[in-house]
Amino acid sequence: LEELRRAISSNDRMVRDKALWRLGNLGDGARPGVPEILRAIDGGSTGLSAAMALQRIDPEGAEAALVGLLRDPTVSAGARAGAASGLRQIEAEAQPTIEALADALADPDEEVAHAVETALYLLGPACSPALPRIIEKLEHPAPVARRNAARVLGKIHWPSDPSSES
């Protein structure tokens, strides 16, 4: 367990991801490693691997831990983006999660905003409480932010192709 906990701090993403996978397979026995797992989240594949490990280690606490990380202004943008990606990966749909994702739409970092938009898009209609903040993004000065907001809005309102409905 100690070796795996150290490995998730490696500079090599593949080493981190493999260690996270193995920790997740330990289930509840890896619970002492949760703080290191949260510190290892830096976006990209590590965020997804960490989310899956957290879900297998602590199914009841994984979502809250990732929401806490997403809301923490003292962590890196990569960690916040990784938390958003992780919430998407574990299909987190609790009200506090949707609220945290909606709040994070205002994150000034584009990596975080994009990860949040992707999470909202993939979670779909469960994210309807975030509609007011998504609509605000339609006025964003960056074209990519407006496009992503429109995609999310469409997915929430029309989870299937609206042109196919009669």
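Here the structure is a predicted model, which means the values were calculated and not measured.
To the nearest 0.5 Å, atoms CG (Asn148) and CG (Leu153) are separated by 12.5 Å. Taken from CG in Leu123 to CD in Glu91, the straight-line distance is 7.5 Å, to the nearest 0.5 Å. Atom CD1 in Ile98 sits 11.5 Å away from atom CG in Asp103 (nearest 0.5 Å). We find the NE2-CD distance between His140 and Glu110 to be 5.5 Å, quoted to the nearest 0.5 Å. In this structure, CG in Leu69 is found 11.5 Å from CZ in Arg39, a value given to the nearest 0.5 Å. Of the inter-residue distances, the one linking Leu131 atom CG with Ile156 atom CD1 reads 5.0 Å to the nearest 0.5 angstrom.
Looking at Arg16, its side chain never comes within 3.5 Å of a backbone N or O of Ala50 through a donor-acceptor pair. Using a distance-only test at 3.5 Å, with no hydrogens or angles considered, a donor-acceptor pair links the side chain of Glu63 to the main chain of Ala94.
Nearest heavy atom pair, residue Ala119 against residue Ala84, reads CB-O, 3.7 Å. For the pair Gly86 and Ala51, the tightest heavy-atom approach, listed with the atom from each and the gap, is CA-CB, 3.3 Å. For Val67 against Ala100, the heavy-atom pair with the smallest separation is CG1-CB, 3.7 Å.
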* **Test log, rule side-chain contact (heavy atoms from CB on, under 4.5 Å), inputs Glu117 and Lys137** => CA-CA 10 Å; Glu117 290 159 355; Lys137 278 284 200 172; 3.7 Å; yes
* Stepwise, does the side-chain contact (heavy atoms from CB on, under 4.5 Å) test hold for Lys155 with Arg151? -> CA-CA 6 Å; Lys155 178 72 170 189; Arg151 283 182 48 225; over 6 Å; no
* Please step through side-chain contact (heavy atoms from CB on, under 4.5 Å) for the pair Val75 and Leu38, ending with a clear verdict. => CA-CA 10 Å; Val75 300; Leu38 289 171; over 6 Å; no
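The existence of a salt bridge linking Glu2 and Arg5 is confirmed by a sub-4.0 Å separation between a basic side-chain nitrogen and an acidic carboxylate oxygen. Salt-bridge formation is not detected for the pair Asp109/Arg80: no Lys NZ or Arg NE/NH1/NH2 atom is positioned less than 4.0 Å from an Asp or Glu carboxylate oxygen.
When hydrophobic clusters are built by joining Ile, Leu, Val, Met, Phe, Trp and Tyr residues whose side-chain heavy atoms come closer than 4.5 Å, directly or via intermediates, Ile8 is not grouped with Val15. Linking ILVMFWY residues whenever their side-chain heavy atoms come closer than 4.5 Å, directly or via other members, places Leu1 and Ile57 in the same cluster. The cluster map of Ile, Leu, Val, Met, Phe, Trp and Tyr, joined by side-chain heavy atoms under 4.5 Å apart, puts Leu120 and Val144 in different clusters. Note: the hydrophobic cluster containing Leu105 also contains Ile135 (ILVMFWY, side chain heavy atoms under 4.5 Å, direct or indirect links). Leu138 and Val116 fall within the same hydrophobic cluster, where Ile, Leu, Val, Met, Phe, Trp and Tyr residues are linked whenever their side-chain heavy atoms come under 4.5 Å apart, directly or through other members.
Counting heavy atoms from C-beta on, the side chains of Lys18 and Met14 never come closer than 4.5 Å. Between Glu99 and Arg71 the shortest side-chain heavy-atom distance falls below 4.5 Å. Looking at heavy atoms from C-beta onward, Leu54 lies out of side-chain contact with Ile90 at the 4.5 angstrom threshold.
Within 6.0 Å of CD in Glu93 there are more than 12 heavy atoms belonging to other residues, nucleotides or ligands. Atom CD of Glu3 has 12 or fewer heavy atoms from other residues, nucleotides or ligands within 6.0 Å.
For the pairing with Ser49, the side chain to side chain contact (heavy atoms under 4.5 Å, CB included) check across Leu20, Ile37, Ile41 returns one residue only, Leu20.
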